[in-house]
Structures are given as structure tokens and as C-alpha cells.
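What follows is a set of notes on a single structure, which appears directly below.
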Amino acid sequence: MRGLFVVFEGVDGAGKSSQLARLAARVEGAGREVVRLVEPTHGPIGGEIRRRAREGPPLSAREELDLFLADRRQNVAGNVLPALARGAVVLQDRYYFSTAAYQAARPELGLSPADVVGLHDGWAPRPDLVLLLDLPVARGLERVARRGPGDAFEEVGRQEAVRRTLLDLAGGDARFAVVDAGLGEEAVAEQVWARVAPLLAAAEGP
Ligand code: TYD
């Protein structure tokens with residue numbers, strides 16, 4: 001059994017975590033080991049990123065980028081690669097496409113999304129599938145607002161740039177599937193499964 005690396009991306013409030021939970025149940029039901037991961041992680045660096053986004057003082061663009069990269073290096077080495085090596089299905093909420101979209105949306109950084117993707121060459125494994133849950137920014141922020149007070153990543157102008165960049169990245173890449181996240185939870189889950197099921201079947205070979 002080969003491992004499979006599936007990533008969810010999308011603007012805040014697109015429904016990534018609930019779709020990830022549904023998919024995890026379905027993949028486990030198909031008899032595969034599932035490893036659920038999220039970035040920023042719940043490790044020390046991820047914790048620091050969330051705390052600074054919530055409470056400040058605000059991170060500079062460079063500090064923010066460096067922390068996301070350091071958090072990701074630990075996640076890749078400690079979680080993703082070992083899970084894939086033993087043939088597990090890794091389902092991860094956000095990956096380097098988020099860094100490309102969110103950090104490149106800070107003009108002070110002076111890096112394009114492609115530059116940021118390039119910083120991952122040689123150490124961050126490419127996912128087998130990226131499920132981009134696409135939603136107009138206003139609808140995502142509406143959903144986020146219902147969950148409680150926000151953080152530094154939720155500003156509207158920046159979210160628009162994030163959405164555009166994620167769609168641009170998807171446009172040039174056959175490993176992306178863009179799903180309309182406004183369809184309703186059941187319909188989105190069906191579209192997600194339609195993309196994952198064939199990969200699972202293919203991964204059963206030697
Ligand atoms: P969090 O509230 O934990 O997640 P979500 O809103 O997806 O439930 O915050 C994660 C925030 O971090 C989210 O707004 C996107 C941002 N982010 C980046 O800016 N760069 C990155 O590389 C990653 C992984 C996330």
C-alpha cells in the first residue's frame with residue numbers, strides 16, 4: 001500500500017476542517033490508516049504563530065514567513081514523511097500553498113507566490129492532491145465571525161488576494177481540484193470523495 005498525501009486549502013471559513021473530518025471517516029471506513037494534520041501545527045512554533053496573531057505584538061512579514069517555514073519543517077520531518085513511509089493516508093489542513101497565498105499577500109515581504117513556493121524545493125513533499133475549497137471571501141468571513149473574535153489573518157483585502165492566488169496556483173496544476181465550497185456540506189463532501197476515491201484505488205497497487 002502506498003501512502004497518499006492530500007491537502008485542503010481555502011480562505012478562512014471555507015469549511016476545510018469539517019470536510020477533512022468527513023473525509024477522514026470515509027477513508028478509515030475504506031480500511032486505510034489516516035493521519036490528520038494541520039498547519040500551523042499544535043507544536044511550539046505553531047502555537048507561537050497563533051498566539052502572536054491573536055494577541056500581538058504583530059509579527060513582521062519576514063518573521064511570520066520564517067515561523068511558518070520552521071513549523072512546516074518540523075511537521076514534514078516529524079509527521080508527514082514518517083506517515084507516508086508506512087503507507088498511511090495523510091489528510092492535512094493547509095500547506096505551503098497557504099504560505100504562498102497569505103505571506104506573499106504582504107507587500108513588505110517582496111516575494112511573489114512563486115518565490116514562496118520555491119522556498120520549499122528539495123524538502124517539502126508535493127501532495128498527491130490539493131482540494132481547494134473555493135468560496136467568496138465575504139461568505140467565508142461571515143462563517144468565521146460566527147465562531148468568535150478574529151485574528152490578524154482575517155482582514156478582507158488580504159483575503160481577496162489569498163483567494164486569487166490560490167485559484168492561480170490551482171490553474172496551473174493538475175494535482176489541484178477546485179471545489180465550490182458554497183454548495184453545502186453534503187455536496188462538497190461528495191465532490192471531495194469523487195477526487196479521492198480513484199487515488200485510493202490506485203494506491204492499493206504495489
Ligand atoms: P487558524 O485560525 O488556526 O486556522 P483556520 O482559520 O484555517 O481555521 O489560523 C490559521 C491562519 O494562518 C489562517 O488564517 C491562514 C494562516 N496561514 C498563513 O498565513 N500561512 C501559512 O503558511 C499557513 C499554514 C496558515
Side-chain angles (χ1 to χ4, degrees), residues 5-24 36-56 58-76 78-80 90-109 111-121 123-127 130-135 137-166 169 179 181 185 188:
F5 188 17
V6 177
V7 168
F8 284 83
E9 291 282 2
V11 294
D12 298 314
K16 295 181 301 300
S17 56
S18 50
Q19 289 298 330
L20 194 149
R22 280 174 173 261
L23 180 60
R36 289 167 60 164
L37 298 172
V38 59
E39 290 187 3
T41 66
H42 295 294
I45 305 174
E48 176 65 8
I49 294 171
R50 287 172 208 278
R51 194 183 62 75
R52 290 289 288 270
R54 230 176 25 241
E55 302 166 14
L59 293 163
S60 73
R62 188 72 222 188
E63 288 170 331
E64 189 178 272
L65 174 69
D66 288 346
L67 284 177
F68 277 115
L69 289 173
D71 189 42
R72 179 161 305 123
R73 279 189 183 276
Q74 290 196 343
N75 185 42
V76 164
N79 303 321
V80 178
V90 176
L91 303 182
Q92 180 161 302
D93 187 341
R94 298 190 183 280
Y95 195 35
Y96 59 74
F97 312 96
S98 278
T99 322
Y102 284 82
Q103 275 61 60
R106 293 188 69 168
E108 325 89 272
L109 189 63
L111 294 178
S112 71
D115 294 333
V116 175
V117 170
L119 297 175
H120 296 81
D121 285 352
W123 61 274
R126 285 160 61 94
V130 184
L131 294 155
L132 173 52
L133 303 189
D134 182 52
L135 194 70
V137 167
R139 288 198 52 199
L141 290 179
E142 244 171 62
R143 294 193 196 173
V144 170
R146 274 185 244 126
R147 289 185 215 151
D151 61 36
F153 295 107
E154 286 165 10
E155 184 243 322
V156 179
R158 195 166 160 208
Q159 292 282 330
E160 293 288 358
V162 166
R163 183 187 186 201
R164 243 187 345 266
T165 302
L166 290 173
L169 290 169
V179 177
E185 207 174 312
V188 172

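Each ligand, and each atom within it, is numbered from 1 in the order the structure gives.
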Criterion ring-ring contact (aromatic ring centres under 6.0 Å, His included) on Phe68 and Tyr102, from CA distance to verdict: CA-CA 11 Å; Phe68 277 115; Tyr102 284 82; 8.1 Å; no
Sole candidate of Leu37, Val76, Asn75 that passes side-chain contact (heavy atoms from CB on, under 4.5 Å) when paired with Tyr95: Val76
Contact residues of ligand 1 (heavy atom under 4.0 Å), by chain and number: Asp12, Lys16, Glu39, Pro40, Arg50, Phe68, Arg72, Arg94, Ser98, Thr99, Tyr102, Gln103, Arg147, Asp151, Phe153
Qualifying residue for salt bridge (Lys or Arg N to Asp or Glu O under 4.0 Å) with Glu39, from Arg73, Arg94, Arg72: Arg72
Check: Ser112 main-chain N/O paired with Asp115 side-chain donor or acceptor under 3.5 Å: yes
Arg139: partners by salt bridge (Lys or Arg N to Asp or Glu O under 4.0 Å), with sequence neighbours left out: none
Salt-bridge criterion met for Arg163 and Glu160 (N-O under 4.0 Å): no
